[in-house]
Amino acid sequence: MNLRAVKGMNDFLPTDARQARRVEEAFRRTMERAGFGEVRTPLVEPTALFVRTIGEGTDVVDKEMYSFTRHDEGLTIRPEGTAGAARAYIEHKVHAAETVTKWFYTGAMFRAERPQRGRYRQFHQVGGEIYGDPGPACDAELIALVVEFLADLGIGDAVVHVNSLGGPEARARYRQVLVDYLTPHAEKLSADSQRRLASNPLRILDSKAKEDQEWIASAPRISDVLEGEDLAHFEGLKKHLAALGVAYVHDTQLVRGLDYYGRTLFEVKAAKEILGAGSTVVGGGRYDTMIGDLGGPATPAIGFAAGLERLVLALGEQKAEESLLPVYVCALGESAVSPALVIGRDLRRAGVACEVDGRGQSLKSQLRRANARGARIALVVGEGELARGVVQLKDLAAHEQVDVASAELLASVHARLAKATP
RNA sequence: GUGGCCGUAGCUCAGUAGGUAGAGCGCUGGAUUGUGGCUCCAGCUGUCGCGGGUUCAAGCCCCGUCGGUCACCCCA
């Protein structure tokens with residue numbers, strides 16, 4: 001076959017889909033318990049929305065977006081979730097209906113990067129946003145929520161990294177300090193970092209090149225230039241995190257790529273080396289100016305996003321859950337197929353999950369399949385049974401089999417399923 | 001966009017100095033005229049990624065190409 005999935009876009013066959021759903025369900029549970037409502041926004045948004053929020057000069061906007069023009073309208077398949085949610089928040093004037101809004105979302109995002117482990121062109125994120133609460137308690141609670149979510153999933157050993165970029169002024173000030181510090185040494189920096197010096201100097205702090213390390217280590221820190229309310233905000237955050245018992249590290253080199261962040265910044269890294277470099281599973285931060293910049297009422301906001309594929313990697317091999325298919329109905333002989341179909345339908349109507357085998361193959365083959373499917377009970381419907389008005393109920397776990405009158409079948413199946421597996 | 005590694009059965013892989021393909025798993029059937037998981041027996045599936053070249057002969061060597069993967073950049 002010469003038709004293949006698009007590079008970097010993957011199929012989730014049932015085994016993978018089950019893992020994904022597990023993550024999504026844990027996420028939904030955690031968020032709804034904390035008062036977040038789900039928001040579903042379109043996959044496609046005006047290109048300008050992402051250019052203005054994420055920022056020109058970022059890789060995401062400059063070379064990774066799936067953009068196209070339709071009827072003279074520039075459109076982009078969303079590369080992340082925050083911008084669309086912010087757009088919806090403004091468009092529906094949600095701020096007028098309530099002062100604080102908490103939303104979560106799940107869904108596919110698209111970035112035309114070169115695929116690699118834990119990074120795909122179509123990937124999936126779960127994320128949350130809080131609008132209208134400027135305080136550090138809000139930040140701390142959101143971070144704690146992320147930790148709860150991970151713990152619920154069984155990822156209890158992840159490490160939270162926090163940092164503060166300060167507000168726009170502090171960030172600009174620090175950027176200048178950093179540029180002034182690094183410029184004299186520019187030719188000693190890695191080629192990538194020399195480029196970053198002009199485009200995005202903060203990201204030099206994130207460099208993995210060995211020749212950059214000594215400069216990074218002795219570079220001025222963002223926290224050194226924080227003052228006033230920015231400083232108080234960060235101190236408040238740390239205090240609340242400590243009270244919540246959230247283990248975190250103040251990572252002075254933590255910088256995130258998207259332009260809209262200010263003040264609180266955080267990342268959660270998996271303890272396990274699931275990715276080659278870093279193992280960031282969750283990223284987030286405060287973006288107090290975005291809503292206003294987009295033309296909405298000045299509204300502080302904070303959010304985070306977690307990569308579903310990376311969470312699944314972090315989960316690793318965890319035991320598969322119990323069978324979803326307790327009953328397998330075997331039809332023996334052509335005349336038994338219709339009755340077997342009826343039995344299957346009636347079981348499902350009564351809430352019992354079951355599968356009917358009407359392939360007409362040998363009983364051995366059908367039972368093999370019943371076993372392979374993980375069924376607890378096999379019901380054998382054959383000509384002999386039909387003539388006697390019974391169905392053979394075979395408990396595959398207990399190795400017992402009994403004939404059950406058709407009228408009592410449902411009750412017997414329920415009784416069997418209620419028994420503990422031997 | 002750059003670099004490394006890899007493309008042989010549905011899956012995981014073996015294939016020795018070039019002599020035109022194998023194992024395990026899985027699947028199907030049988031041992032048990034209609035009784036699973038264990039065991040035993042038998043059987044099925046391949047454009048050896050694709051194209052060209054060298055050679056009497058290429059899965060193996062050479063060139064190209066496509067695909068996958070990992071890493072860098074960047075990011076969830």
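All chains are named by letter (A, B, ...) in the order of the sequence lines, taking the proteins before the strands, and each is independently numbered beginning at 1. Just so you know, these numbers come straight off a predicted model, no measurement behind them.
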Presence of salt bridge, [Y] and [X], under 4.0 angstrom:
X      : Y      : result
A:D293 : A:R52  : no
A:E45  : A:R87  : yes
A:K269 : A:E267 : yes
A:R416 : A:E400 : yes

In whole angstroms, how far is the [atom2] atom of [N] from the [atom1] atom of [X]?
X      : N     : atom1 : atom2 : value
A:R310 : B:C74 : CZ    : P     : 14 Å
A:I155 : B:A76 : CD1   : C1'   : 13 Å
A:L150 : B:A76 : CG    : P     : 15 Å
A:M9   : B:A76 : CE    : P     : 18 Å
A:R373 : B:C27 : CZ    : C1'   : 15 Å
A:L313 : B:U69 : CG    : P     : 13 Å
A:F110 : B:A76 : CZ    : C1'   : 14 Å
A:H161 : B:A76 : NE2   : P     : 15 Å

Give me the distance, rounded to whole Å, that separates [N] from [M] when you measure between the [atom1] atoms they each carry.
N     : M     : atom1 : answer
B:U32 : B:G26 : C1'   : 23 Å
B:C13 : B:A21 : P     : 23 Å
B:U8  : B:C60 : C1'   : 11 Å
B:A42 : B:G34 : P     : 23 Å
B:G29 : B:G36 : P     : 13 Å
B:C6  : B:C50 : C1'   : 16 Å
B:C72 : B:G53 : C1'   : 35 Å
B:A23 : B:A58 : C1'   : 23 Å

_Heavy-atom donor-acceptor pair, A:R117 side-chain to B:A71 base, under 3.5 Å_ =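 For A:R117, whose side chain was compared with the base of B:A71, there is no donor-acceptor pair (under 3.5 Å).
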*Measure from the side-chain heavy atoms of A:R114 and tell me the nearest of B:A76, B:U28, B:C72.*
B:C72
*Taking for each residue the nucleotide of RNA chain B bearing the nearest heavy atom, is the 5' side occupied by A:P115 or by A:H124?*
A:P115
*Pick the nucleotide of RNA chain B nearest each of A:R121 and A:V6; which residue has the one closer to the 5' end?*
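The answer here is A:V6.
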_Is any side-chain heavy atom of A:Y66 closer than 4.5 Å to one of A:Q122?_
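Side-chain contact under 4.5 Å: no.
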*A:R78 side chain near A:V44 side chain, heavy-atom distance below 4.5 Å*: no
*When you look at CD of A:E64, are more than 12 heavy atoms from neighbouring residues, nucleotides or ligands closer to it than 6.0 Å?*
yes
_Check this for me: A:R359, atom CZ, are more than 12 non-hydrogen atoms of other residues, nucleotides or ligands nearer than 6.0 Å?_
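More than 12 within 6.0 Å, yes.
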_Before we go on, tell me: are the rings of A:F12 and A:H124 under 6.0 Å apart, centre to centre?_
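A:F12 vs A:H124: aromatic centres under 6.0 Å.
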*Give a yes/no on whether any side-chain N or O of A:Q116 is located under 4.0 angstrom from OP1 or OP2 of B:A71.*
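So the side chain of A:Q116 is within the cut-off, an N or O lying under 4.0 Å from OP1 or OP2 of B:A71.
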Any N/O pairs under 3.5 Å between the protein and nucleotides 31-36 of chain B? List them or say none.
| unit_1 | atom_1 | unit_2 | atom_2 | d |
| --- | --- | --- | --- | --- |
| B:G34 | O6 | A:G384 | N | 3.1 |
| B:G34 | N1 | A:E385 | OE1 | 2.9 |
| B:G34 | N1 | A:E385 | OE2 | 3.1 |
| B:G34 | N2 | A:E385 | OE2 | 2.7 |
| B:U35 | O2 | A:K394 | NZ | 3.0 |
| B:U35 | O2 | A:Q401 | OE1 | 3.2 |
| B:U35 | N3 | A:Q392 | OE1 | 2.7 |
| B:U35 | N3 | A:Q401 | NE2 | 3.4 |
| B:U35 | O4 | A:Q392 | OE1 | 3.1 |
| B:U35 | O4 | A:Q392 | NE2 | 2.4 |
| B:G36 | O6 | A:H399 | ND1 | 2.6 |
| B:G36 | N1 | A:L396 | O | 2.4 |
| B:G36 | N2 | A:N371 | OD1 | 2.8 |
| B:G36 | N2 | A:L396 | O | 2.9 |
| B:G36 | N3 | A:N371 | OD1 | 3.3 |

*Start with the C-alpha gap between A:E38 and A:R28, add the side-chain angles, then the distance that decides, and say whether salt bridge (Lys or Arg N to Asp or Glu O under 4.0 Å) holds.*
CA-CA 8 Å; A:E38 179 173 7; A:R28 195 173 295 272; 2.7 Å; yes
_Any pair counted as ring pair (Phe, Tyr, Trp, His ring centres under 6.0 Å), so long as it reaches residues 161-184 of chain A, sequence neighbours left out_ =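 Non-adjacent pairs meeting ring pair (Phe, Tyr, Trp, His ring centres under 6.0 Å): A:Y181-A:H185.
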*Which ring pair (Phe, Tyr, Trp, His ring centres under 6.0 Å) pairs, counting each pair once, include a residue from residues 24-49 of chain A, with sequence neighbours left out?*
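Counting only pairs at least two positions apart or across chains, the ring pair (Phe, Tyr, Trp, His ring centres under 6.0 Å) contacts touching residues 24-49 of chain A are A:F27-A:F104, A:F27-A:F149.
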Filtered N/O pairs between nucleotides 64-67 of chain B and protein, under 3.5 Å:
| unit_1 | atom_1 | unit_2 | atom_2 | d |
| --- | --- | --- | --- | --- |
| B:G67 | O2' | A:R4 | NH2 | 3.4 |

*Tell me the stems RNA chain B sits in, counting at least three consecutive Watson-Crick or G-U wobble pairs, each under 3.5 Å on both distances.*
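Ordered by first number, the stems with RNA chain B (at least 3 consecutive pairs each) read B:1-7 with B:66-72, B:10-13 with B:22-25, B:27-31 with B:39-43, B:49-53 with B:61-65.
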*Can you sort out the partners of A:K63 under salt bridge (charged side-chain N to carboxylate O under 4.0 Å, His left out), two or more places apart, ordered by chain and number?*
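Scan of A:K63 (salt bridge (charged side-chain N to carboxylate O under 4.0 Å, His left out), adjacent residues dropped) gives A:D59.
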*Check every strand shown and say whether A:Y120 touches a base, only sugar-phosphate, or nothing at a heavy-atom separation below 4.0 Å.*
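Counting heavy atoms under 4.0 Å across all strands, the contact made by A:Y120 includes a base.
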